[in-house]
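Each remark here refers to the structure printed beneath this line.
Positions are given from 1, in the same order as the sequence printed here. No hydrogens, no waters, no symmetry mates; every other heavy atom, side chains included, goes into these values. Just so it is clear, the structure is predicted and the values come from calculations on it, not from any experiment. Note that ligands are numbered from 1 as they come in the structure, with each ligand's atoms numbered from 1 the same way.
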Amino acid sequence: MSDEQYQQLDFDELNARALSKPLVDHVYTADPSAHVFDGKLYIYPSHDIEGGVPFNDNGDHFCMEDYHVYSMDSVESKAVDHGVALHVKDVPWAERQMWAPDAARKGDKYYLYFPAKKADGIFQIGVAVGDSPVGPFVAEPEAIAGSYSIDPAVFEDGDGSHYMYFGGLWGGQLQKYRGNQYGEASEEPADDEPALGPIVAKLSEDMKAFAEEPREIQILDENGELLKAGDHDRRYFEGPWMHKYQGKYYFSYSTGDTHYLCYATGDTPYGPFTYQGRILNPVVGWTTHHSICEFEGKWYLFYHDSSLSKGTTHLRCVKMAEIQYDADGKIVTLDPYPG
Ligand code: FUB
C-alpha cells in the first residue's frame, strides 16, 4: 500500500487491536535493536524525522541525523529517552542518513554500530564507543574498513566472539556488491538465479574492525537449494538479526517489498541457514525491521510500524510483543493487528 492508502485506514480501530502500543510517542522511532545489559533493557532505534524529501525506492526520505537510546526497567515500564547519543555532525566520515543501528558491550565499553552515507552517496558502517549503554558515543574517525551497505546487527556468541551481520537491497546498495567489491553496473540477480545473501564478518578483539573478510550467508529452502532472487516472499532483503535459542542459531530478516519478518535456522553463526517461516505479518508502513531479545525469562520481538504518524512510511514507532516457540523450536507467527 502507498502512504495515501495507509492514511485511509481507521487508526482508532487498528490501534485498538494492535499487538502493542508505541513504546515511544514523543518522537518517531524505528528499527529497534534491543539488548539487556545488567538486567535492564536498552533499545537502540533509528530516530525518524520529517526531512521533506519525497518518497522513492532509494529510501532518500529516510534522512535521519542522530540516535537516542531508550531504557526500560521492566516490560510494563515507560521507555526512558536518554537524549542524543550520537549526531551525524560528530561523525567525521559520514554526511547523512543515519539508518538502523545496533549496539554491543565488551568489557566496560559499549559500542554503537551504525550505517550512514558518505559525501559520495555510498553507505558504510561505522562504530562509536562509550562508557555507558546510553552513550554519549564517540565515533571512530573512519568507517569500518571493508564495510558496506546498511543495517549492522552484532551478535555475541557464547564464547565471547562477536559477529556483525549486515546488508540491505535497493536503497541499502547491497545489489551493487559481489565478493565485497562495489560495481556500478551490478544489480539484483535474475528471478531464477540465487538471491543475494546477507553478509557476516567476525569482529576484531577491539570491536572496531573486521577480523576476517566478510562472507555471504546462504539461506536454503526445504530442499537444501539456495532461495531464488524471484522468491520475494522468502528471500533476504534487509534488517538482519541473530539470536540463539536452545543451541540453534536463528537468523531473522525482512523480505522488504513483501513486508514479512522471516527466519531461518542453522548450526553455526555463519550458516548455512534453512528457511523456517514468518515471525510477523506486514505492518502499516513500507518497512518492517526487528530484533529479538530475552528479558526476564521471556522472548520478545521488537519491531515498528507507522501507526503513530497514521501511515507515513518514514515516521515510525517502535513496539514490542512476546514471541512463542513451539515444541520443535518453530516461532509462532504473529499478526501485528489480530482480530
Ligand atoms: O530506517 C531506514 C531503513 O529502513 C533501515 O535501515 C531499513 O532496515 C528499513 O527499516
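At least one heavy atom of Arg316 sits less than 4.0 Å from an atom of ligand 1. Taking a 4.0 Å cut-off on heavy atoms, Met64 registers as neighbouring ligand 1.
Relative orientation of the His68 and Tyr70 rings is parallel, given thresholds of 30° and 60° on the angle between their planes. Using cut-offs of 30° and 60° on the angle between ring planes, the pair His243 and Trp299 is tilted.
Atoms of ligand 1 lying under 4.0 Å from at least one heavy atom of Ala100, given by number and element, are 6 (O).
Looking only at protein heavy atoms, the nearest one to atom 6 (O) of ligand 1 is Asp151 OD1, 2.5 Å. At the top of the distance list for atom 10 (O) of ligand 1, counting protein heavy atoms only, stands Asp31 OD1, 2.7 Å. With respect to atom 9 (C) of ligand 1, the closest heavy atom belonging to the protein is Glu238 OE2, 3.4 Å.
Of the N or O atoms in His289, one or more lie within a sub-3.5 Å distance of an N or O in ligand 1. Considering backbone and side-chain N/O atoms, His304 never comes within less than 3.5 Å of an N/O atom of ligand 1. Here's the thing with Trp99: none of its N/O atoms is less than 3.5 angstrom from an N/O atom of ligand 1.
With respect to Phe166, the ring-ring contact (aromatic ring centres under 6.0 Å, His included) criterion is satisfied by exactly one of Phe114, Phe210, Phe155, Tyr177: Phe210. When Thr258, Thr255, Asp257 are each tested for a side chain to side chain donor-acceptor pair (under 3.5 Å) with Arg235, only one passes: Asp257. None of Tyr249, Phe251, Tyr250, Phe273 except one satisfies the ring-ring contact (aromatic ring centres under 6.0 Å, His included) rule with Tyr165; the exception is Phe251.
Looking only at side-chain heavy atoms (C-beta outward), Met207 and Tyr113 come within less than 4.5 Å of each other.
Taking the centre and axis of the six-membered ring of Tyr275, the NZ or CZ atom of Arg234 falls inside the cone set by 45° and 6.0 Å.
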